[in-house]
Novice: 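Input: one structure, supplied below.
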Amino acid sequence: MTDEAAPPESLPAEAAVPVKKSAQPHNPLHGLTLEVIVTALADYYGWESLGQQVPVRCFTVDPSVGSSLKFLRKTPWARDKVESLYLFMLRDQKREQKLVRERSRPPG
């Protein structure tokens, strides 16, 4: 007897079909965790401003990413507000970048 392993069985036909890389290529939230979203918002706005824009205790009283995640995972309406604010933040950042590029161009 030899120690050679038996050849692997071939995969079923449906397993050989390539899977699309991204099922939601135009969704800016696709692939992001809630932790990434909350952290980005806290870094961009700060906890105080974030608490003013989304008035929930997890942002206003002893705020932390952990307490925010716990609350937002249980509260769909608050999570929706946070995700909407994140999308607004992305648009705002793009506007800021565009302004910086326009200002850095030499007069033509």
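One-based numbering along the sequence shown. Quantities reported herein were computed from a predicted structural model and do not represent experimental measurements.
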Novice: Do the side chains of Leu50 and Leu85 get nearer than 4.5 Å, heavy atoms only?
Specialist: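 Side-chain contact under 4.5 Å: yes.
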
Novice: Taking the side chain as everything from C-beta on, heavy atoms only, tell me whether Arg91 gets closer than 4.5 Å to Leu87.
Specialist: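 A side-chain contact exists here, since the closest heavy-atom pair is under 4.5 Å.
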
Novice: In terms of ring plane angle, is the pair Phe59 and Trp47 parallel, tilted or perpendicular, where the classes change at 30° and 60°?
Specialist: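 Rings of Phe59 and Trp47: tilted, 30 to 60°.
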
Novice: Nearest 0.5 angstrom please: Leu34 CG to Arg79 CZ, how far?
Specialist: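 Nearest 0.5 Å value for the CG-CZ distance: 4.5 Å.
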
Novice: Heavy atoms, side chains only, cut-off 4.5 Å: are Val56 and Leu72 in contact?
Specialist: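 Side chain of Val56 against side chain of Leu72, heavy atoms only: no contact under 4.5 Å found.
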
Novice: Find the distance between CZ (Arg73) and OG (Ser68) and round it off to the nearest 0.5 Å.
Specialist: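 The OG atom of Ser68 is 10.5 Å from CZ of Arg73, to the nearest 0.5 Å.
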
Novice: Apply salt bridge (charged side-chain N to carboxylate O under 4.0 Å, His left out) to Asp80 and list each qualifying residue two or more places apart in sequence or on a separate chain.
Specialist: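 For Asp80 there are no salt bridge (charged side-chain N to carboxylate O under 4.0 Å, His left out) partners, ignoring immediate neighbours.
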
Novice: Suppose we screen for side chain to side chain donor-acceptor pair (under 3.5 Å). Which residues come up paired with Arg95, at least two apart in sequence or across chains?
Specialist: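 Counting only residues at least two positions away or on another chain, Arg95 forms a side chain to side chain donor-acceptor pair (under 3.5 Å) with Asp92.
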
Novice: Any chain of hydrophobic side-chain contacts (each under 4.5 Å) joining Val54 to Trp77?
Specialist: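 Yes: a chain of side-chain contacts under 4.5 Å links Val54 to Trp77.
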
Novice: Between the main-chain N or O of Val36 and the side-chain N or O of Thr39, is there a donor-acceptor pair closer than 3.5 Å?
Specialist: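 A pair under 3.5 Å: no.
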
Novice: So how far is it from Leu29 CG to Ile37 CD1, rounded to the nearest 0.5 Å?
Specialist: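 With rounding to 0.5 Å, CG (Leu29) is 5.0 Å from CD1 (Ile37).
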
Novice: Is any side-chain heavy atom of Leu90 less than 4.5 Å from a side-chain heavy atom of Gln93?
Specialist: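 Yes - at least one pair of side-chain heavy atoms lies under 4.5 Å apart.
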
Novice: Take Glu102 and Leu99, measure what side chain to side chain contact (heavy atoms under 4.5 Å, CB included) needs, and give me the verdict at the end.
Specialist: CA-CA 5 Å; Glu102 288 174 359; Leu99 284 173; 4.1 Å; yes

Novice: Would you check if the side chain of Ser67 reaches a backbone N or O of Ser64 as a donor-acceptor pair within less than 3.5 Å?
Specialist: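 Yes, the answer is positive, given that a donor and an acceptor are paired below the 3.5 Å cut-off.
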
